[in-house]
Colleague: 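Okay, here's the structure, questions in a sec.
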Amino acid sequence: MPEDHNLEYKSLLSLKMSSEKKEFLQDVSSFANCRGGIIIYGIGETKGVPSSADGFPIDNLDQTLRQIDTLIVDSISPRMPVEIRTWKLDTGNYLLLIAISESSDKPHQVQIDRSKVCYSRTSNRKYQLDIQEIETMLRQKNELRTMVNKLFSQHLERMLTDATFKGLPIAILQLIPGSVTNPDTRYPILDAKYGAFDLAPLGGGSRTPKPNFEGVRIAVKMSGFSFAPNYLQVYKNGILETLNHTILYRREVLNARYLEGYVMREVMNYLKFLKGLEVQLPIYIKLVLSGVRGYHLYSEKVLYGLNEQNNLDRDVLEFPVLRVSDFDQNVPELLQPLFDEVWNAFNFTKCHHFSDQGKWIYDINFI
């Protein structure tokens, strides 16, 4: 296959010199800012037509892969995921393939050697984006955020007015993928191999999954409740929303460790599920607490908590939306600002469940 705007061949990959790093970042980001594509290193070409597959030497494969990952994370903004595959030839040389999806989070900017430049592609070459093209991409990004916020509001209103939970204290977690810009997008969530039926609502528990018109609804039934107090709805367009009443049903007390642990655990599981479906990034996450006026925050890690100054003064808390731009992003690190916001609502300066190194101090397997 000859090179085109989705495919490029390189005889070798070297990242020793600054100019080589810059060219690599320009190539990778240009695909993300266009229609996506593949770069294969170790393929010789003549006028864009592959002529050899001799590969190239790599002294330390793990170190090279780490260098590629670090370079992309540190020098391309916003973050953009790539998929890397390698093949070792009989000669000991390697072929290295980098697959880049078209991004819903473009434009991606290369930041290296004090320069900040955006690139895209036409035919089989890259070029620097001009101001007008960058403005168009930014406008499209803002339109996506507007659409996502509208969907958050629509789904939230329906959940808050559900007769079963109306007036009850509840925690709601929503995930919306950037692919919702295409109204025809549907994912095979009813196919057992993708694991939708194995997902759990916020808080977990013994669950009963049932297919419905929208996708799959997974409810948890518990003794002492005449209704299912926790549920998860997985939509065919990739949206996930889960509601939990049990974490708040103990009157006027929110256990911070349980909330944080449940949210982290399920976000990890939901992102793994969406990654398996090859859902387009970014993914937007929102947490809402409703019916919580007068609630206290409980944590054994602080010297105060159950007193009047830490009572919530409002009934509904809608926390800022988080954006996931990389499926391999560290989830506790991603969610720490959200948990800081939760603690702020109770008049604390920050969440006290993270170490100075940014690690959650509890074991997520024992919440």
Side-chain angles (χ1 to χ4, degrees), residues 66 69-70 73-74 79 169-175 199-205 220 222 229-230 232 240 242-275 283-290 292 294-313 317-367:
R66 285 196 300 271
D69 182 66
T70 300
V73 170
D74 292 346
R79 279 189 175 188
I170 53 177
I172 293 172
L173 182 67
Q174 302 168 286
L175 281 77
L199 296 176
L202 187 65
V220 171
M222 294 184 175
N230 307 333
L232 165 68
L240 293 96
T242 178
L243 181 151
N244 177 292
H245 168 58
T246 55
I247 196 173
L248 292 164
Y249 84 99
R250 294 183 182 276
R251 186 167 178 78
E252 296 185 346
V253 175
L254 171 62
N255 188 309
R257 176 164 65 96
Y258 287 164
L259 176 69
E260 294 156 14
Y262 291 154
V263 170
M264 278 191 284
R265 184 180 67 191
E266 302 315 332
V267 166
M268 289 177 185
N269 291 332
Y270 298 162
L271 290 179
K272 182 179 179 181
F273 166 71
L274 294 174
K275 181 180 181 180
I283 307 293
Y284 297 90
I285 300 176
K286 186 170 185 176
L287 175 68
V288 176
L289 302 178
S290 178
V292 290
Y295 266 67
H296 306 277
L297 186 76
Y298 171 74
S299 170
E300 63 270 27
K301 296 299 180 181
V302 294
L303 299 178
Y304 58 96
L306 296 178
N307 56 64
E308 290 187 4
Q309 80 175 57
N310 300 112
N311 283 3
L312 281 180
D313 60 356
L317 297 175
E318 293 189 40
F319 296 100
V321 174
L322 298 177
R323 186 187 67 192
V324 180
S325 55
D326 183 351
F327 279 119
D328 297 322
Q329 195 167 345
N330 182 284
V331 170
E333 179 182 298
L334 168 73
L335 295 176
Q336 185 178 1
L338 170 62
F339 299 142
D340 284 341
E341 292 277 354
V342 173
W343 284 61
N344 293 164
F346 290 89
N347 296 322
F348 292 91
T349 57
K350 65 176 183 177
C351 173
H352 289 267
H353 292 166
F354 284 83
S355 69
D356 293 338
Q357 292 73 39
K359 293 185 178 181
W360 200 56
I361 61 176
Y362 296 105
D363 187 338
I364 197 169
N365 297 310
F366 296 96
I367 54 173

Colleague: If you look at every heavy atom in Tyr270 and Leu173, which pair is closest and at what distance?
Modeller: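 So the minimum-distance heavy-atom pair works out to CE1-CD2, 4.2 Å.
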
Colleague: Atom CG in Leu289, atom CZ in Phe319: separation rounded to 0.5 Å?
Modeller: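 Answer for the CG-CZ pair, Leu289 versus Phe319, is 4.5 Å.
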
Colleague: Which of parallel (below 30°), tilted (30 to 60°) and perpendicular (above 60°) describes Trp343 and His353?
Modeller: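 Plane angle over 60°, so perpendicular.
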
Colleague: What closest approach, in Å, do Lys350 and Asn344 show between heavy atoms, and which atom pair accounts for it?
Modeller: N-ND2, 3.9 Å

Colleague: Please determine whether side-chain contact (heavy atoms from CB on, under 4.5 Å) holds for the pair Trp360 and Met264, giving the CA-CA distance in whole Å, both sets of side-chain angles, and the decisive distance to 0.1 Å.
Modeller: CA-CA 10 Å; Trp360 200 56; Met264 278 191 284; 3.0 Å; yes

Colleague: Could you check Ile170, Leu254, Leu248 and say which one makes a side-chain contact (heavy atoms from CB on, under 4.5 Å) with Val292?
Modeller: Leu248

Colleague: Evaluate the side-chain proximity of Leu317 to Val288: yes if any heavy-atom separation is below 4.5 Å, no if none is.
Modeller: no

Colleague: Take Ile283 and Leu271 through the test side-chain contact (heavy atoms from CB on, under 4.5 Å) and record every step on the way to the result.
Modeller: CA-CA 8 Å; Ile283 307 293; Leu271 290 179; 4.2 Å; yes

Colleague: Look up atom CG in Leu338 and atom CG in Leu322, then write down how far apart they are to the nearest 0.5 Å.
Modeller: 5.0 Å

Colleague: Hey, what's the ring geometry for His352 with Phe348, parallel, tilted or perpendicular (30° and 60° as the breaks)?
Modeller: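 If you compare the ring of His352 with that of Phe348, the planes turn out perpendicular.
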
Colleague: Where is the tightest heavy-atom contact between Arg265 and Gly204, given as atom of each residue plus distance?
Modeller: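 Heavy-atom minimum between the residues: NH2-N, 3.6 Å.
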
Colleague: Flag the pair Asn244 / Val220 as yes when at least one side-chain heavy-atom distance between them is below 4.5 Å, and no otherwise.
Modeller: no

Colleague: Given side chains that start at C-beta, do those of Val73 and Arg79 come closer than 4.5 Å, heavy atoms only?
Modeller: yes

Colleague: Checking Thr242 side chain against Leu202 main chain: does a donor-acceptor pair fall under 3.5 Å?
Modeller: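 Yes, because the side chain of Thr242 sits within donor-acceptor range (under 3.5 Å) of the backbone of Leu202.
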
Colleague: Going by atom types only, do Asn230 and His245 share a side-chain donor-acceptor pair under 3.5 Å?
Modeller: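 There is no such pair (donor and acceptor under 3.5 Å, judged by atom type) between the side chains of Asn230 and His245.
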
Colleague: Check this for me: does any side-chain nitrogen of one of Glu300 and Arg257 sit under 4.0 Å from a carboxylate oxygen of the other?
Modeller: yes

Colleague: Sub-3.5 Å donor-acceptor pair from the side chain of Tyr295 to the main-chain atoms of Phe346, do we have one?
Modeller: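 No, the answer is negative, given that no donor and acceptor are paired below the 3.5 Å cut-off.
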
Colleague: Ile361 vs Phe354, test: side-chain contact (heavy atoms from CB on, under 4.5 Å). Steps then yes/no.
Modeller: CA-CA 6 Å; Ile361 61 176; Phe354 284 83; 5.7 Å; no

Colleague: What is the minimum heavy-atom distance between Cys351 and Glu260, and which atoms define it?
Modeller: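 Looks like SG-OE2, 3.4 Å.
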
Colleague: Grab the two heavy atoms, one from Ala200 and one from Glu266, that are nearest each other, plus how far apart they are.
Modeller: O-OE1, 3.5 Å

Colleague: Can you tell me how far apart CZ (Phe339) and CG (Leu334) are? Round to the nearest 0.5 Å.
Modeller: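 Output value for this atom pair is 9.0 Å.
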
Colleague: Can you pull out every salt bridge (charged side-chain N to carboxylate O under 4.0 Å, His left out) where at least one residue sits in residues 336-349? Sequence neighbours excluded, please.
Modeller: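 The answer is none; no pair qualifies.
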
Colleague: Calculate, to the nearest 0.5 Å, the distance between atoms CG and CD1 belonging to Leu287 and Ile172 respectively.
Modeller: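 Taking CG in Leu287 and CD1 in Ile172, the distance rounds to 9.0 Å.
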
Colleague: Rounded to the nearest 0.5 Å, how far apart are CE of Met268 and CD of Gln329?
Modeller: 11.5 Å

Colleague: Does some side-chain heavy atom of Thr246 sit less than 4.5 Å from a side-chain heavy atom of Met222?
Modeller: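 Side chain of Met222 against side chain of Thr246, heavy atoms only: contact under 4.5 Å found.
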
Colleague: Do the side chains of Leu175 and Tyr284 get nearer than 4.5 Å, heavy atoms only?
Modeller: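 They are not in contact (no side-chain heavy atoms under 4.5 Å apart), so the answer is no.
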
Colleague: Side chains of Leu335 and Val263: does their closest heavy-atom pair fall under 4.5 Å?
Modeller: yes

Colleague: Under the side-chain contact (heavy atoms from CB on, under 4.5 Å) rule, what do Val324 and Val331 come out as? Steps first, then yes or no, please.
Modeller: CA-CA 9 Å; Val324 180; Val331 170; over 6 Å; no

Colleague: To the nearest 0.5 angstrom, please state how far the CG atom of Leu297 sits from the CG atom of Asn255.
Modeller: 8.0 Å

Colleague: Which atoms form the tightest heavy-atom contact between Val253 and Tyr298, and what is the distance?
Modeller: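 Looking at all heavy atoms of both residues, the closest pair is CG1-CB, 3.9 Å.
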
